[in-house]
**Student:** 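Provided herewith is a single structure, encoded as structure tokens, for subsequent inquiry.
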Amino acid sequence: MSQPLGDIADSLATRRVMASPQQRPSSLSERRGWQAAKYPHCEGQVHDLHPWRDAHLTLCDLEVSRAYHGQHQFHEGLYLCLVLEGRLTLSGVDGAGIDLSAGQGGIFRPARTQSAPPTLKSYHPQGRLRCISLHLEGEASQSLQVRRGLANWDALPCARHSQPLGWTPGRWLHQQLDERVRAPDGEGPQRECEMPTTPACEGEMLEWQGIALQLLGAALKRRAGEAQEVPAFSAAPASPLASPSRPHGACRHLEAVRQRLAAVPHGAHSLEELARLACMSPSGLRHKFRQAFGQSLGSYQRECRMRCAEQALRRGVSIQQVAHQVGYAHACNFATAYRRHFGVSPQAARARFHRVE
């Protein structure tokens, strides 16, 4: 789905919305329906399924080597995703949106009252991303139950604004998908389907149809307040380091560590200091933090630094000052880190922000 900001992705990438990068894979090798894919910003494997007409279910297991942005226009239907490992940010055209980490999902439905197709933006930070997404197109071809669910959603106040909203699955569904959405390791005997031209064996497809319906039902239950909502963030510079909501199962000690890193991203935090704050051993903290939040301590601190830097550049702060604010002694080191994270230099980003504003 994702092309550089300002571009619109093609129809194939639409079915990989928010999980795959800018271009079509340069090479594909199919195995159990998974396709090995290599992109400019990441590589890994994806699996596209069509559980029913005009429904696209995409499984992704990717390693993002360089953070990137993307966007896509939606004319109708609904898009939802569930992050199983890693991080993902979804936002609307005005910048308001949600940060998603392991165990959290996002849902987006274009408002029917807008004349122009609403745009959904995404930000993919560096690191591994395992994600499952469902995109519904052609509403007229959907079942009566699905159409009723979409109509109920449209009756809500939130449906007046084309903004992504958060939801969380039940524990059983999350655990089931966490085990299933993993790319094959390339070893072991393969089970052949009777109809090799189909994306999956008949029995497996029935299972995925059920899973897709469970995802849709869990996301739409948000309207009745039955699912936990992921707090929204704002791109306004007032709180650039507001941390995303805590995923299910993350204890308050881990949350304290994450808040410390978000509040003081420029600090030289030692592992021993953070372990004492978490009341854990250093090795236990490393393991449990990655398990709970989908990334390492160092990766999360770098992300906080880059978010802070981006907001400072939006305010017109000089490159040298921004570098010092986020903990870099030399502007050249900061520029290298910023380019590696966002894919553009801080000079180019600052110039673009000022042109837009």
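As the structure is a prediction and not an experimental result, all values here were calculated from the model.
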**Student:** So which heavy atom on A102 is nearest to which on A292, and how close?
**Tutor:** CB-O, 4.3 Å
**Student:** Nearest 0.5 Å, what's the CH2-OG distance between W52 and S143?
**Tutor:** 7.5 Å
**Student:** What's the spacing between L313 CG and Q311 CD if we round to 0.5 Å?
**Tutor:** 9.5 Å
**Student:** Between the side chain of E43 and the main-chain N/O of S65, is any donor-acceptor distance below 3.5 Å?
**Tutor:** no
**Student:** How close do P118 and P110 get, counting heavy atoms only, and between which atoms?
**Tutor:** CG-CB, 3.6 Å
**Student:** For S296, what residues pass the side-chain contact (heavy atoms from CB on, under 4.5 Å) criterion, not counting sequence neighbours?
**Tutor:** R290, S299
**Student:** Any idea which heavy atoms bring P265 and C304 closest together, and the distance?
**Tutor:** CB-CB, 3.8 Å
**Student:** Assess whether a salt bridge exists between E63 and R128, defined as any Lys/Arg side-chain N lying under 4.0 Å from an Asp/Glu carboxylate O.
**Tutor:** no
**Student:** Return yes if some donor-acceptor pair links the side-chain N/O of R66 with the main-chain N/O of H41 below 3.5 Å, else return no.
**Tutor:** no
**Student:** Any side-chain to backbone donor/acceptor pair from W167 onto L220? Under 3.5 Å, distance only.
**Tutor:** no
**Student:** Roughly how far apart are L80 CG and H135 NE2, rounded to 0.5 Å?
**Tutor:** 10.0 Å
**Student:** Any heavy-atom pair between the side chains of L136 and V146 that's under 4.5 Å?
**Tutor:** yes
**Student:** Are side-chain heavy atoms of W208 and L213 found at a separation under 4.5 Å?
**Tutor:** no
**Student:** Do L165 and I98 pass the side chain to side chain contact (heavy atoms under 4.5 Å, CB included) test, and can you show the C-alpha distance, the side-chain angles, and the key distance before you say yes or no?
**Tutor:** CA-CA 7 Å; L165 301 171; I98 50 174; 5.8 Å; no
**Student:** Looking at R258 and E255, is any side-chain nitrogen of the basic one under 4.0 Å from a carboxylate oxygen of the acidic one?
**Tutor:** yes
**Student:** More than 12 non-hydrogen atoms from neighbouring residues, nucleotides or ligands closer than 6.0 Å to CZ on R147, yes or no?
**Tutor:** yes
**Student:** Locate the shortest heavy-atom distance separating C131 from V181; write the atom from each residue and the value.
**Tutor:** O-CG1, 3.9 Å
**Student:** Any non-hydrogen side-chain atom of R307 less than 4.5 Å from a side-chain atom of D99?
**Tutor:** yes
**Student:** Quick one: list whatever passes side-chain hydrogen bond (donor to acceptor under 3.5 Å, both in side chains) with H269, sequence neighbours left out.
**Tutor:** none
**Student:** Under the side chain to side chain contact (heavy atoms under 4.5 Å, CB included) criterion, do L59 and W34 qualify, and how do the steps go?
**Tutor:** CA-CA 9 Å; L59 322 178; W34 287 85; 3.8 Å; yes
**Student:** Using side chain to side chain contact (heavy atoms under 4.5 Å, CB included) as the criterion, point out the one residue from L90, I107, L134 that pairs with C81.
**Tutor:** L90
**Student:** Would you compute the distance between atom NE2 of H324 and atom NE2 of H266 and round it to the nearest 0.5 angstrom?
**Tutor:** 13.0 Å
**Student:** For side chain to side chain contact (heavy atoms under 4.5 Å, CB included), just list the numbers for E85 and L129, CA-CA rounded to whole Å, side-chain angles, deciding distance to a tenth of an Å, and then say yes or no.
**Tutor:** CA-CA 5 Å; E85 182 177 351; L129 175 65; over 6 Å; no
**Student:** Between Q295 and E303, is there a side-chain donor-acceptor contact under 3.5 Å, judged purely by atom types and distance?
**Tutor:** yes
**Student:** Does L82 reach the side chain of P169, with side-chain heavy atoms less than 4.5 Å apart?
**Tutor:** yes
**Student:** Before giving the answer on side chain to side chain contact (heavy atoms under 4.5 Å, CB included), spell out for D54 and Q142 the whole-Å C-alpha distance, their side-chain angles and the decisive distance to 0.1 Å.
**Tutor:** CA-CA 8 Å; D54 291 331; Q142 300 300 320; 3.7 Å; yes
**Student:** Is the shortest heavy-atom distance from the side chain of L285 to the side chain of L277 under 4.5 Å?
**Tutor:** no
**Student:** Could you tell me which non-hydrogen atom of V64 sits nearest to which non-hydrogen atom of Q126, and how far apart they are?
**Tutor:** O-CG, 3.3 Å
**Student:** Can you see whether H69 engages Y123 through a side-chain donor-acceptor pair at a distance of less than 3.5 angstrom?
**Tutor:** no
**Student:** Between F108 and F74, is the gap from one ring center to the other below 6.0 Å?
**Tutor:** yes
**Student:** Any idea which heavy atoms bring Q45 and L62 closest together, and the distance?
**Tutor:** N-CD2, 3.8 Å
**Student:** For R276, is there an ion pair with E272 - N to carboxylate O distance below 4.0 angstrom?
**Tutor:** no
**Student:** State, with a plain yes or no, whether a side-chain heavy atom of K288 is found less than 4.5 Å away from one of L254.
**Tutor:** yes
**Student:** Any chance you could lay out the salt bridge (Lys or Arg N to Asp or Glu O under 4.0 Å) test for E76 and R109, step after step, and finish with the verdict?
**Tutor:** CA-CA 7 Å; E76 63 172 353; R109 168 113 167 117; over 6 Å; no
**Student:** How about L100 and T89: do any of their side-chain heavy atoms sit closer than 4.5 Å?
**Tutor:** no
**Student:** Under 3.5 Å, is there a donor-acceptor pair between the side chain of Q71 and the main chain of L120?
**Tutor:** no
**Student:** To the nearest 0.5 angstrom, please state how far the CZ atom of R340 sits from the CE atom of M306.
**Tutor:** 9.5 Å
**Student:** Can the positive tip of R305 be found less than 6.0 Å from the middle of the six-membered ring of Y328, inside 45° of the ring normal?
**Tutor:** yes
**Student:** Please confirm whether the backbone N or O of D178 pairs with a side-chain atom of R130, one donor and one acceptor, at under 3.5 Å?
**Tutor:** yes
**Student:** Is there a donor-acceptor pair under 3.5 Å between the side chain of Q301 and the backbone N or O of G267?
**Tutor:** yes
**Student:** Once the angle between the rings of H50 and H56 is folded into 0 to 90°, is it parallel (under 30°), tilted (30 to 60°) or perpendicular (over 60°)?
**Tutor:** perpendicular
**Student:** Please answer whether the main-chain N or O of S101 pairs with a side-chain N or O of Q104 as donor and acceptor at a distance below 3.5 Å.
**Tutor:** yes
**Student:** When you measure from the side chain of R350 to the backbone N and O of G316, does any donor-acceptor pair fall under 3.5 Å?
**Tutor:** yes
**Student:** Determine whether the aromatic ring centres of Y79 and H72 lie less than 6.0 Å apart.
**Tutor:** no
**Student:** So that I know where these two stand, are H253 and F289 an aromatic pair - ring centroids less than 6.0 Å apart?
**Tutor:** no
**Student:** So L57 and L215, do their side chains get closer than 4.5 Å, heavy atoms only?
**Tutor:** yes
**Student:** When rounded to the nearest 0.5 angstrom, what is the spacing between CG in L274 and CG in L261?
**Tutor:** 5.5 Å
**Student:** Taking it one step at a time, do H341 and F334 satisfy ring-ring contact (aromatic ring centres under 6.0 Å, His included)?
**Tutor:** CA-CA 10 Å; H341 190 81; F334 162 69; over 10 Å; no
